[in-house]
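Each remark here refers to the structure printed beneath this line.
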Amino acid sequence: MDDFARLNQRLCDVSRAGFTNPYACLEWPERLDPGAWCMSPELLSLYGTETYEGLTEAWRRRLSFFEAVNFFSLNIHGEKALVAGIAQRLYRPEWRAVSPYLQHFLDEENKHMVLFGGFCERYAGKIYADRKVAVPAEHAPGEEDFLFFARILVFEEIVDQYNVAIARDTRVAPVAREINRLHHRDESRHLSFGRQFVRRLFDAAAPAWAPPTLQAVREQLRAYITAVWKEYHNPDVYRDAGLPDPYGLCASSYASAPCRERRRALTRPCLRYFIDNGILDAEPTP
Ligand SMILES: [Fe+2]
Ligand SMILES: [Fe+2]
C-alpha cells in the first residue's frame, strides 16, 4: 500500500467514525438575535473600507448577517457543482483506489448543504443566486479532471480559513460558529485528499501537454481564483443591508487596499501549494 492508498484508508476510517446526521447535529434557535455577529467583522467584505468605517455598530452586525448568508450560499453553489462532478466520476475503473473516499466526499458535501441551506432558509428565507458563469471548453487529456479537483481545492482552502476563524470567534452567534466548526471538521479531510490528488492528476497529465495547453490551464486556474474572490462581494448583500449603490460598492470594495490585502493573505497558503508543486509558475494577484 503506498502513501496515497494509506491516506485514503485513514480518511475513510475517520469519515465512518464521525458519520453525522445533519438533521440532528445542530440545535437551531427559533430566531437569531438581531444584534449578533454572524461572521467575524474582520472577514466582512467591506471591513476596512470607508463605507464600513461610516456604519454604526448595529449596522455592521446587520451586514454580518447578510454576509454570512452569502458565505453559506456560495458554499452551497460550490458544493452543488462538486457533488455533480464527483457523482459523475465515481467508480471509474482507473480510480478504484479513491472511489471509497469519493463516496464520503459526496455524502459529506450533501450534508454541508443541509446545514448551510438550513441557516439561509430559516433566518433569511432565501439563498443568494449563483453568479458564476460556466463556459464550455475543449479539454486536453487529463485537463478536465485536473481543473475540476484543482478548483475544488482552491474553493475549499479559502472557505476553510473563514471556517476556522469564525468557529473560534466568541463574538459570533453560536449557531453560526457551530456550522463553521462542523464544516471545518470534514473539510480538513477533503483538503488532505485534495492536496495529494491534485498533485497526482497534474503530474500524470501535464507532461503530455504542449506548452500553450499548460499555459491555458494555468490561466484558467488563476481566473478561477479571481472568480471565487469576486463572489465574496455581492451587490444583493449590500442592498439587503440597506447600503446605497450596491453595484458601485461591489467594485470599490473589491479594489480597495484593505480587501486586496485580506484576499492576498487568505490566498497565500493555497498559492504556495500550487507554486511549490510546479502547478502555477508565478503568483497571481487575486
Ligand atoms: Fe463542504
Ligand atoms: Fe469539502
Side-chain angles (χ1 to χ4, degrees), residues 1-12 15 74-110 112-113 130 132-160 186-228 267 269-281 284:
M1 210 189 247
D2 69 6
D3 284 354
F4 188 52
R6 265 192 294 276
L7 173 71
N8 271 269
Q9 183 60 61
R10 188 156 46 81
L11 295 175
C12 285
S15 280
L74 62 88
N75 269 282
I76 290 173
H77 299 308
E79 287 164 343
K80 280 191 312 192
L82 201 162
V83 161
I86 289 189
Q88 206 181 37
R89 290 169 172 84
L90 271 182
Y91 294 104
R92 277 208 194 155
E94 70 276 24
W95 284 7
R96 286 188 71 200
V98 297
S99 286
Y101 188 63
L102 289 183
Q103 199 118 55
H104 287 295
F105 211 133
L106 194 63
D107 166 62
E108 289 162 5
E109 295 302 356
N110 186 40
H112 299 162
M113 287 191 278
D130 190 5
K132 267 199 292 299
V133 186
V135 186
E138 295 274 301
H139 294 289
E143 182 190 341
E144 197 175 8
D145 289 332
F146 163 73
L147 278 174
F148 175 72
F149 282 99
R151 286 173 178 144
I152 291 176
L153 188 58
V154 167
F155 188 85
E156 294 192 329
E157 290 277 15
I158 294 171
V159 162
D160 195 53
D186 290 344
E187 292 301 304
S188 56
R189 292 192 301 284
H190 300 178
L191 287 167
S192 305
F193 172 82
R195 289 179 197 129
Q196 294 293 322
F197 198 45
V198 166
R199 187 165 56 78
R200 284 171 170 256
L201 291 172
F202 184 80
D203 290 348
W209 294 339
T213 304
L214 178 59
Q215 207 185 327
V217 170
R218 286 176 166 158
E219 203 36 64
Q220 289 184 75
L221 194 53
R222 288 190 198 102
Y224 181 76
I225 296 172
T226 304
V228 165
T267 318
C270 141
L271 285 180
R272 236 337 74 235
Y273 161 87
F274 284 115
I275 292 168
D276 288 351
N277 285 289
I279 297 171
L280 284 180
D281 52 353

Which atom of [X] lies closest to which atom of [Y], heavy atoms considered:
X: Asp145; Y: Leu201; answer: O-CD1, 3.8 Å
X: Gly142; Y: Ala205; answer: CA-CB, 3.9 Å
X: Phe155; Y: Leu74; answer: CZ-O, 3.2 Å
X: Thr213; Y: Ala140; answer: CG2-CB, 3.7 Å
X: Gly194; Y: Tyr273; answer: O-OH, 4.1 Å
X: Ile86; Y: Leu102; answer: CG2-O, 3.7 Å

About how many Å separate [atom2] of [Y] and [atom1] of [X], when rounded to the nearest 0.5 Å?
X: Ile225; Y: Glu157; atom1: CD1; atom2: CD; result: 10.5 Å
X: Leu82; Y: Phe149; atom1: CG; atom2: CZ; result: 8.0 Å
X: Leu147; Y: Arg218; atom1: CG; atom2: CZ; result: 12.0 Å
X: Cys270; Y: Glu156; atom1: SG; atom2: CD; result: 11.0 Å
X: Thr267; Y: Ile158; atom1: OG1; atom2: CD1; result: 5.0 Å
X: Leu214; Y: Glu143; atom1: CG; atom2: CD; result: 10.0 Å

Could you go through the side chain to side chain contact (heavy atoms under 4.5 Å, CB included) check for Leu11 and His104 one step at a time? CA-CA 9 Å; Leu11 295 175; His104 287 295; over 6 Å; no
Just say parallel, tilted or perpendicular for the rings of Phe105 and Phe193, cut-offs at 30° and 60°. perpendicular
Any side-chain donor-acceptor pair under 3.5 Å between Glu108 and Ser15? yes
What I want to check is whether the side chains of His112 and Asp186 have a donor and an acceptor closer together than 3.5 Å. yes
Tell me whether Glu138 at atom CD has more than 12 heavy atoms from other residues, nucleotides or ligands lying less than 6.0 Å away. no
Treating [X] as the side-chain partner and [Y] as the backbone partner, does any N or O pair qualify as donor plus acceptor under 3.5 Å?
X: Asn8; Y: Phe4; value: yes
X: Arg96; Y: Tyr91; value: no
X: Trp209; Y: Gln215; value: no
X: Gln9; Y: Arg6; value: no
X: Asn277; Y: Ile279; value: no

Just wondering, do [Y] and [X] contact through their side chains at under 4.5 Å, heavy atoms?
X: Val98; Y: Arg92; result: no
X: Arg151; Y: Gln220; result: yes
X: Arg199; Y: Phe274; result: no
X: Arg272; Y: Ile275; result: yes

Can a salt bridge be assigned to the pair [X] and [Y] using a cut-off of 4.0 Å between side-chain N and carboxylate O?
X: Arg222; Y: Asp281; value: yes
X: Asp2; Y: Arg200; value: yes
X: Glu109; Y: Lys80; value: no

Both conditions, 6.0 Å and 45 degrees, for the charged tip of Arg89 above the ring of Phe148: are they met here? yes
How about Phe197 and Trp95: are their ring centroids closer than 6.0 Å? yes
Run the side chain to side chain contact (heavy atoms under 4.5 Å, CB included) test on Leu7 and Ser192 for me, step by step, so that the C-alpha distance in whole Å, both residues' side-chain angles and the decisive distance to 0.1 Å come before the verdict. CA-CA 8 Å; Leu7 173 71; Ser192 305; 4.3 Å; yes
